[in-house]
There are 2 protein chains.
Amino acid sequence: MLTIGELSRATGVKIPTIRYYEQMGLMAAAERSGGNQRRYEPQDRDRLSFIKHARDLGFTIEAIRELLELSAHPERPCADADTIAIRQLQIVRNKIAKLRPLEKELERIAACCHGDSIRDCYVLQSLANHDMCVSEH
Amino acid sequence: MLTIGELSRATGVKIPTIRYYEQMGLMAAAERSGGNQRRYEPQDRDRLSFIKHARDLGFTIEAIRELLELSAHPERPCADADTIAIRQLQIVRNKIAKLRPLEKELERIAACCHGDSIRDCYVLQSLANHDMCVSEH
DNA sequence: ATCTTTTTCTCCAGCTACTATAGCTATTAT
DNA sequence: ATAATAGCTATAGTAGCTGGAGAAAAAGAT
Ligand SMILES: [Zn+2]
Ligand SMILES: [Zn+2]
Ligand SMILES: [Zn+2]
Ligand SMILES: [Zn+2]
């Protein structure tokens with residue numbers, strides 16, 4: 001039996017976040033002590049570690065909810081779980097693909113300013129005029 | 001004189017977003033028609049285009065507010081504006097640096113599952129066990 | 001001048017995934 | 001018994017919008 005603080009230290013998930021996950025239905029409502037404090041079993045720690053790892057990899061709460069539901073049916077095919085992972089990979093690749101042109105433009109913008117007054121500032125001129133940009137973004 | 005809809009079409013910024021920017025103090029409170037509708041001048045369109053471009057490049061509202069305030073003083077040195085752009089470049093690079101390991105892990109996780117049942121699913125096993133990961137993340 | 005359609009108005013709620021109070025109670029250590 | 005630590009609920013705040021309700025204004029057609 002773990003207190004919420006012990007569970008927090010064991011998983012690296014902050015206490016308010018654990019309560020939030022309970023509210024969101026990712027974690028079952030915990031058993032309570034006589035004084036109404038949450039008490040956890042070891043398997044709760046495993047579940048929370050799973051959630052944390054998935055969150056660290058960027059899965060949304062909703063995706064994690066689906067993954068956890070799938071886990072509850074070991075006999076079923078795993079295609080749905082694989083699909084969720086592939087979708088998440090695409091999401092991450094998409095984010096990178098959107099950030100790279102920004103990086104390029106910002107490199108140019110930050111490197112090219114040799115003006116000394118606001119009037120001549122290449123940064124401000126670039127922001128005012130997308131035509132100076134090399135890429136769409 | 002532009003209506004809010006015309007300004008929206010001219011800049012690609014949605015109408016509720018324009019009102020939101022006004023509320024946030026990025027856009028000055030617009031003049032009103034007799035019937036209390038917003039009317040804009042051409043320079044409002046320039047300002048909004050600047051805001052949109054900066055937002056597209058990922059600058060926060062707060063950073064944009066600072067950039068706009070700097071623009072109002074053409075005589076001053078532009079070092080502060082340059083610093084804001086460099087900071088934004090670092091923010092973008094940081095985001096990419098955090099996403100790349102996720103992409104790697106997700107590639108592995110999504111590619112390696114050859115199980116057919118949830119019980120053997122490599123995706124779910126990987127999420128349950130960070131030790132299977134190649135990188136920290 | 002009237003009718004209809006489109007546009008705009010304000011206010012408010014919701015989105016994601018937490019995080020941070022405030023005010024109170026339970027548990028533990030000495 | 002007392003003090004220190006830990007936990008409870010409820011609510012509000014974060015960033016940057018986005019959508020809806022219900023009413024009023026403007027524009028176009030007849
Ligand atoms: Zn400059
Ligand atoms: Zn641009
Ligand atoms: Zn699988
Ligand atoms: Zn991992």
Side-chain angles (χ1 to χ4, degrees), chain A residues 1-27 29-40 44 48 50-68 84 87-88 91-92 94-95 98-99 102, chain B residues 1-27 29-40 44 48 50-68 84 87-88 91-92 94-95 98-99 102:
Chain A
M1 283 298 218
L2 299 159
T3 66
I4 197 169
E6 288 162 349
L7 181 64
S8 172
R9 280 188 294 277
T11 58
V13 178
K14 287 181 188 157
I15 291 173
T17 306
I18 297 173
R19 293 197 275 246
Y20 171 74
Y21 288 160
E22 180 180 316
Q23 211 186 324
M24 292 298 103
L26 282 193
M27 296 291 289
E31 285 179 61
R32 299 297 180 119
S33 72
N36 198 36
Q37 300 192 350
R38 290 171 179 82
R39 291 298 127 92
Y40 295 93
D44 293 323
L48 186 55
F50 181 99
I51 294 169
K52 175 167 173 43
H53 196 207
R55 282 297 298 132
D56 286 347
L57 286 164
F59 288 88
T60 63
I61 298 280
E62 198 43 45
I64 295 169
R65 194 196 312 281
E66 291 173 42
L67 289 167
L68 287 167
I84 292 171
R87 206 177 52 197
Q88 177 59 18
I91 289 168
V92 169
N94 234 312
K95 284 187 183 172
K98 277 183 186 153
L99 286 169
L102 300 202
Chain B
M1 282 300 219
L2 300 159
T3 67
I4 196 168
E6 288 162 349
L7 182 64
S8 170
R9 281 188 293 278
T11 57
V13 178
K14 289 182 187 156
I15 291 173
T17 306
I18 296 173
R19 292 197 275 247
Y20 170 74
Y21 288 160
E22 180 181 316
Q23 210 185 324
M24 291 299 103
L26 281 194
M27 296 292 288
E31 285 179 62
R32 299 298 180 116
S33 73
N36 197 36
Q37 300 193 351
R38 290 171 179 82
R39 291 297 127 94
Y40 295 93
D44 294 323
L48 186 54
F50 181 99
I51 294 169
K52 174 167 172 46
H53 197 207
R55 283 294 301 132
D56 286 347
L57 286 165
F59 288 87
T60 64
I61 299 279
E62 197 44 45
I64 295 168
R65 194 196 312 281
E66 292 174 40
L67 289 167
L68 287 167
I84 291 171
R87 207 176 54 196
Q88 178 58 19
I91 288 168
V92 169
N94 233 312
K95 283 187 183 170
K98 276 181 186 154
L99 286 169
L102 300 201

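Only a predicted model underlies this, so the values are computations on that prediction, with no experimental measurement involved.
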Side-chain N or O of A:R32 closer than 4.0 Å to phosphate OP1/OP2 of D:dT9: yes
Side-chain N or O of B:R55 closer than 4.0 Å to phosphate OP1/OP2 of D:dC17: yes
B:M27 CE - D:dG16 P separation (whole Å): 17 Å
Distance in angstrom units between A:Y20 OH and D:dT14 P, rounded: 17 Å
I'd like a table of atom pairs between the protein and nucleotides 1-6 of chain D - only N or O on both sides, under 3.5 Å - with the distance next to each one.
none

Interatomic distance where CD1 belongs to A:I18 and P belongs to C:dC18 [whole Å]: 12 Å
Considering all heavy atoms, the nearest A:F59-A:R55 contact: O-NH1, 2.6 Å
Minimum-distance nucleotide to B:K14 side chain [options: D:dT18, C:dT19, C:dC9]: D:dT18
Closest to the B:T17 side chain, choosing from C:dA17, C:dT10, D:dC17: D:dC17
Length of the line joining B:M24:CE and D:dG16:C1', which is rounded to integer Å: 9 Å
Touch class at under 4.0 angstrom, heavy-atom based, for B:Y21 against every strand present: sugar-phosphate
Among D:dC8, D:dA26, D:dC17, the nucleotide that comes nearest once only the side chain of B:R39 is considered: D:dA26
NZ/NE/NH1/NH2 to OD/OE distance under 4.0 Å, B:E62 and B:R65: yes
